[in-house]
Amino acid sequence: MVFLKLAWRNLFRNRGRTLVSTAAISIGFAAMIFYHGIFYGMKNNMYRTATESFLGDAQIHGIGYRSSRKVEDLITDLPALTDSLEAEEIVRAYSPRVYSYAMISSPANVSSVQLIGVDPEKEKKLSNMDENIAGGKYISGPDDNGLVIGIKLAEILRLEIGDAAVVTVSEAASGDLSQALFRVSGIFDTGDRNMNRSVALAGIETARGMLALEESAHEVAVDFTSLEYGLSDSLFFWDKYSRDGNKALSWRELAPQLVSAFQMSENIISFVGLIMFVLVAFVILNTIFMSLYERTFEFGVLLAQGTRPLQMGRIIVLESLSLAVVGLIAGSLLGLLVTLLFQNIGLGMSGEGVEFMNVTVTTDIYPVLEPEPFVKYSIGFMVCTFLISLYPAFHAARLKPARALSREL
Amino acid sequence: MEDSELILTEDLEKTYQDGVEVRAVRGIDLLIERGEFTAIVGPSGSGKTTFLNLISGLDTPTAGRVLLGGREIGNMSGTELSDFRRDHIGFIFQAYNLIPVLTATENIEYVMILQGIDRKKRRERVMELLDLVGLADKADTRPTMLSGGQKQRVAVARAMAARPSIILADEPTANLDSVTSGELLDMMHQLNRETGMTFIFSTHDTLVMQRAERLLTLRDGKITADETGSEKSIPGIDGKKKDEE
C-alpha cells in the first residue's frame, strides 16, 4: 500500500510533466476508441449496404443449388416454407426469387446475364433495389413484362428506357431454349459493379413462365428483425430451415469475402492499436526515466532504509501503471465525447462513396460506441505499460545505494 | 567477536576506478563498541562518507571485511543486506532527505511498514518518536512545510523508528544554524544515553566533535587518530589539528 501511495503521489510532483504525458496517453487512447468506433460504424454500414441491397440477412436454397446453379434445383415445398417464415417473429421480411443464366441481346450488342425474377412487393420490404432506380421504374408486379437492368449492362447493350431486348433462357424440365421480348422499364445503379454489369430483374411470374416453373423458387432471401440474428451461429433458424432438402445460410456464409475483409480490417486495427500502445508506453517510459533520474538520491534513501531491490522495482511499475490509469481515464472520457459527438452528426461520405470488397458505402458513417474497445484497449495498454515499465523497474532494482546517494545513475 | 563489539573492520579497502584509480579507503582496522557516540572527521575527500557506506553495507569493499554484530555483510545477498539495513541501521543525511510526498508520520513509519509492523503499533511508535523529537504537532505535515531543524528532527525520528542498533549520520548539522545544531546534538546524545543506540557521525562541525565521545580522524583513506574523552583535539575549519599545524 505504501508503494502505491508513493507511486500515486509522485505522479503529481511534477505536474507539468505528468500533464504532458497524460495528454499524450489520453489522446492516443481516445484516438483508438474513436478509430474503433469509425471502423465498426463503417462495418455496420457495409453490412447494411450488402444485406439491404440484395443479399438479405439469410438465404434459403434447395440443397445443391448454390454449387450447381441448375434451374431445376429448386426449393422444396415453397408454400410451406413461406407460410413458416410468415409466422416467424424474428423474420421481418422475406422474398422468393427465381434465377437463371440468360443471354440478353439488343440491336447493338449481346451479353450474358443473370435473370432474376422477383416479387416486387416482397422485395421492397427486404432489399433497396427499388430505391436504386437510376431511370425508369421498378418492377410493378409479379407478372410485369418489363425488364430492369443494371446501369453498366444498359451501357454495354446501349439500351435506354423503353428499348426492346430479347432474353434467352433454358427451360427447367426440358432444357429447351425459351425466348421472350422485353421492354426495358427501369435501370438500376446499386453501386455494386457486378450487379450493375450482369443482372436483369423481371417479375417472378414472368420469369417462372419463361423457365416453365410452377410455384417455386431458387432462393428465398430473409431479413431479420435484428442485425444480431445474422451473426449468431446458434440461432434456431439455421437448423429449422435446413431440412427437407433445403439449406439456410447466413450472410456471413453467403459473402465470406466480406467477413474475411472485416477480419483483415480488425487485424489491421489491432496492429495499429499495438503500435499506438507501444508509442504511448514509450511516453511513459520516458517520463519514468526522467523521474528516476531526478529522484536518484531519494531512491538511494529508500534503499538505505532497507527497501529491497524488488520493492524498488515495484514502486516504478506502480508509478508507470498509475500514470497509465490517469491517462486511460482521461482518454476514455475524451474518446467517449468525440465518439458521441460524431455519433450525432455522422461522418459524411462525399461524392460516389467508398467501395470496399465490391460494396460501395454511400451513406454517412456513424461511429459505434460499445464497451468492448474500452475494456480491450485498456487491458492491452495496461499490459503494454507493465511490460515496458519492467525496464526502468529493473534499472531501479539494480541501483547501488552508495551510487544513488552520490546522485549517480 | 564479543557482545559489546558492534562494528569490526579488518583491512578495509575501497578503490574507485572512474578513469583514474582512487583509493578512498586504505586498509582500515577498527572496532566500534555498542553505545558509542563517535564522530569521524577529516577534510573533504578523506574517505569519511565512503567509510560510512562500507560499514553500513551501502557499498561493497574492494578488499577486507566488515562485521556488523558478528555478521559479515560482504557475504549477504542484496535482499539480505536490505533487510539487515532495515532492521539494524538508521541513517541521517545532510540534506534531511525526507520523502517529500509523504507526511512526517508516513516518513517515520515507512521503515516499519517494510518490517511488516501492523498499523496500530506503527502509529504508536511514530507518536512516541515525534514526542521525543518535539514534533507531535507536525505529524501530518509534509516536509516542504517544515523548517530545516524540524526536517532533521523528523529524520532522526525516522532513523530510530526500526529501533536500530546503529545510527549513521552523514553531516547531519551541515545545513543547520548553530543553535538548531546544538539542540539536535543534545537530543541525539540524550537518546544515545537513554537507549544505548550507537551513533556514528561523519562531520566537519566542531559542535559534533565537541559532543562526540570518540573522535576518529581520517586522512587519505586512513585513520590517523583515534581519540576519546579529554584526549580529543578538535581540528580547525581547515581540517587540521593544532599539533598538525
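Any value given below was found using the heavy atoms of this structure, including those in side chains, with hydrogens, waters and symmetry copies removed. All chains are named by letter (A, B, ...) in the order of the sequence lines, taking the proteins before the strands, and each is independently numbered beginning at 1.
Between chain A and the options B:Pro164, B:Ala159, B:Pro100, the largest number of non-hydrogen pairs under 4.5 Å is found for B:Pro100. Comparing B:Glu80, B:Arg158, B:Glu109 by how many heavy-atom pairs each has under 4.5 Å with chain A, the most go to B:Arg158.
We find the CG-CZ distance between A:Leu405 and B:Phe93 to be 5.0 Å, quoted to the nearest 0.5 Å. Within the model, atoms CG of B:Asn53 and NZ of A:Lys400 stand 13.5 Å from one another, a figure rounded to the nearest 0.5 Å. Separating the CD1 atom in B:Ile99 from the CZ atom in A:Arg9 is a distance of 12.0 Å, to the nearest 0.5 Å. In this structure, OG1 on B:Thr79 lies 6.5 Å from CG on A:Leu310, to the nearest 0.5 angstrom. To the nearest 0.5 Å, atom CZ of residue A:Arg403 and atom OH of residue B:Tyr16 are 9.0 Å apart. Taken to the nearest 0.5 Å, the CD atom of A:Gln311 stands 7.5 Å off from the CZ atom of B:Arg86.
Under a cut-off of 6.0 angstrom, the local environment of CE in B:Met127 is crowded, with over 12 non-hydrogen atoms contributed by other residues, nucleotides or ligands. The neighbour count for B:Lys121 NZ, taken as heavy atoms of other residues, nucleotides or ligands under 6.0 Å away, does not exceed 12.
Proximity to chain A (any heavy atom under 4.5 Å) is shown, for B:Phe84, by neither the backbone nor the side chain. Contact annotation for A:Phe12: neither backbone nor side-chain heavy atoms come within less than 4.5 Å of a heavy atom of chain B.
A donor-acceptor contact shorter than 3.5 Å is absent between the side chain of A:Arg13 and the backbone of B:Val101.
Salt bridge status for B:Asp83 with A:Arg308: present, with a side-chain N to carboxylate O gap under 4.0 Å.
Heavy-atom minimum distance, B:Leu102 versus A:Lys5: CD2-CD, 4.3 Å.
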